[in-house]
Amino acid sequence: IFFWFSFFIPINLLASDFPDIFGCFCEGGIITGRLESKDKVITIDSKRIRVSEEGDFIFAFGRKFKETIIISVNGKSKKYEIKDKTYKKEIIRGLPSRKVEPNKEDIKKIQSDQKKIKSTKTVGETKKLFGKTFLIPVDGRISGVYGSQRILNSKPRSTHKGIDIAAPKGTKIYAPSNGRVILTDEDMFFTGKTVIIDHGMGLISIFAHLNDIYIKPGQLVEKGMEVGEVGMSGRATGPHLHWGVYLENISVDPMA
């Protein structure tokens, strides 16, 4: 399995007028930095980027992205190449048929779950709560990778929007960075026991298939704090943690 290991390496842009930018200029990657003054204007891919009161900004590249991007700060610009990735297929068998082809009642439940999750994919905490690095939230084996095409019980389904970490049931799950709990749910159709943490500025972590949840909505968590246990609730064939990361509606490779 191949990952882009460019965790928050500073990339100097043009001159002192430009901020240092940290992250991965790659598909599924994310970049962040801080402007010296919140009054400066930064555009990425021709879009003006929201800047926090402290001057922080953040931008995510989707699973598929064009070859180059232009960053401008107060009219000074530079072009960057976006590294592409090759995505694999993941074949998963042995799922209950209803978890692949839901009935009408299941679809109502799925729509309700999706509405709850969608409500979290906005800018809640406007401040940057996350730090420069994230922890892998579980000690285990990477069993599913970001961006792969999933074949479930021989049925092609949507691409994987996170990573799966296989570990024994009951293995502790830790907060990968600081944040605030914005959702817990005991029984979502696909993701089972589910937790969502807001890391600030629209960046969230989703944890799925838990066996137990230790935290409550509204609670502040610190990097390394226990948030729950690995399980196999929802659509799962074995105990594992699904960890998804989103910047608003854009899914990000957690390994980036």
Side-chain angles (χ1 to χ4, degrees), residues 1-9 11 13 21-33 42-52 56-72 77-90 113-125 128 130 133-134 136-137 142 144-152 156-165 176-177 179 182 190-191 194 196-208 242-256:
I1 299 172
F2 181 78
F3 298 115
W4 294 106
F5 287 103
S6 54
F7 300 121
F8 298 93
I9 299 171
I11 305 169
L13 298 183
I21 294 184
F22 303 85
C24 183
F25 283 83
C26 59
E27 291 181 342
I30 194 164
I31 56 175
T32 184
I42 180 168
T43 62
I44 302 178
D45 196 25
S46 301
K47 300 174 184 176
R48 183 165 178 169
I49 302 302
R50 182 187 295 108
V51 179
S52 73
D56 296 304
F57 63 89
I58 188 168
F59 184 85
F61 306 100
R63 179 180 180 272
K64 289 293 185 181
F65 205 84
K66 56 190 178 183
E67 295 180 353
T68 60
I69 197 169
I70 294 175
I71 298 178
S72 298
S77 303
K78 188 172 181 180
K79 181 185 290 187
Y80 281 89
E81 293 185 0
I82 308 302
K83 298 175 183 177
D84 61 1
K85 292 183 181 180
T86 300
Y87 298 101
K88 61 182 291 186
K89 285 187 177 181
E90 291 183 340
D113 293 345
Q114 289 176 338
K115 187 176 180 179
K116 291 179 186 178
I117 293 174
K118 184 179 179 180
S119 71
T120 70
K121 295 178 180 177
T122 58
V123 179
E125 293 284 342
K128 175 184 174 184
F130 60 91
T133 59
F134 277 57
I136 301 293
I142 302 295
V145 296
Y146 170 84
S148 60
Q149 173 64 58
R150 308 210 106 183
I151 311 297
L152 308 181
R157 289 297 183 258
S158 61
T159 57
H160 195 207
K161 296 178 176 63
I163 63 170
D164 291 337
I165 306 171
S177 192
I182 53 173
F190 287 132
T191 56
T194 304
I196 301 182
I197 296 175
D198 180 358
H199 299 296
M201 300 180 65
L203 188 68
I204 64 171
S205 280
I206 298 179
F207 305 98
H242 170 87
W243 177 28
V245 177
Y246 287 80
L247 182 61
E248 298 185 65
N249 288 315
I250 300 174
S251 66
V252 174
D253 186 351
M255 297 301 291

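When a residue number appears, it is its place in the shown sequence, counting from 1.
A donor-acceptor distance shorter than 3.5 angstrom exists from the side chain of Ser52 to the backbone of Asp56, with no hydrogens or angles considered. Judged by distance alone, the side chain of Ser205 and the main-chain N or O of Ile197 form no donor-acceptor pair under 3.5 Å. For His160 (side chain) and Val145 (main-chain N/O), a donor-acceptor pair under 3.5 Å exists by modelled atom type.
The side-chain heavy atoms of Tyr246 and Leu203, taken from C-beta on, include no pair separated by under 4.5 Å. Between Ile31 and Ile58, the closest side-chain pair of non-hydrogen atoms is not below 4.5 Å. With contacts defined as side-chain heavy-atom distances shorter than 4.5 Å, the pair Tyr146/Trp243 does not qualify. Here the side chains of Ile44 and Ile69 are in contact, with some heavy-atom distance below 4.5 Å. At a threshold of 4.5 Å between non-hydrogen side-chain atoms, the residues Glu248 and Val123 count as touching. Taking the side chain as every heavy atom from C-beta outward, Ile165 and Ile163 approach each other to under 4.5 Å. Considering only heavy atoms from C-beta on, Met255 comes within 4.5 Å of Ile136 through its side chain. Under the 4.5 Å side-chain criterion, counting only non-hydrogen atoms from C-beta, Phe65 is in contact with Asp45.
By the side chain to side chain donor-acceptor pair (under 3.5 Å) test, Lys79 is found to be paired with no residue, residues two or more places apart in sequence or in another chain being considered. Considering only residues two or more places apart in sequence or on other chains, Phe190 meets the ring pair (Phe, Tyr, Trp, His ring centres under 6.0 Å) condition with none of them. With sequence neighbours left out, the ring pair (Phe, Tyr, Trp, His ring centres under 6.0 Å) criterion links Phe59 to Phe61. For Thr194, the side chain to side chain donor-acceptor pair (under 3.5 Å) criterion is met by Thr191, not counting sequence neighbours. In terms of the salt bridge (charged side-chain N to carboxylate O under 4.0 Å, His left out) criterion, Asp198 has no residue partners (sequence neighbours excluded).
Phe134 contributes atom CZ, which lies 4.5 Å from atom NE2 of His199 (distance to the nearest 0.5 angstrom). Expressed to the nearest 0.5 Å, how far CD of Glu81 lies from CD of Glu67 amounts to 8.0 Å. Rounding to the nearest 0.5 Å places CZ of Phe22 at 8.5 Å from OG1 of Thr32.
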Distance-only donor-acceptor hits, side chain of residues 114-121, under 3.5 Å, sequence neighbours excluded:
unit_1	atom_1	unit_2	atom_2	d
Lys116	NZ	Asp185	OD2	3.0
Ser119	OG	Lys116	O	2.6
Thr120	OG1	Ile117	O	2.6

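The minimum heavy-atom distance linking Ser77 with Ile70 is given by the pair CB-CG2, 3.9 Å. Heavy-atom minimum distance, His242 versus Gly162: CE1-CA, 3.8 Å. Contact between Ala256 and Cys24 at its shortest, heavy atoms only, is CB-CB, 4.4 Å. When all heavy atoms of Gly200 and Phe130 are compared, the closest pair comes out as O-CE2, 4.0 Å.
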For this session: Show the numbers, then the answer: is there a side-chain contact (heavy atoms from CB on, under 4.5 Å) between Asp164 and Ile142?
Result: CA-CA 6 Å; Asp164 291 337; Ile142 302 295; over 6 Å; no

Problem set entry | Ile71 and Phe25: CA distance, side-chain angles, deciding distance, side-chain contact (heavy atoms from CB on, under 4.5 Å) verdict | CA-CA 12 Å; Ile71 298 178; Phe25 283 83; 3.9 Å; yes

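Note on Lys64 versus Asp84: no salt bridge recorded, every NZ/NE/NH1/NH2 to OD/OE distance being 4.0 Å or above. For Arg63 and Asp253, the salt-bridge test fails: no basic side-chain N is under 4.0 Å from an acidic carboxylate O.
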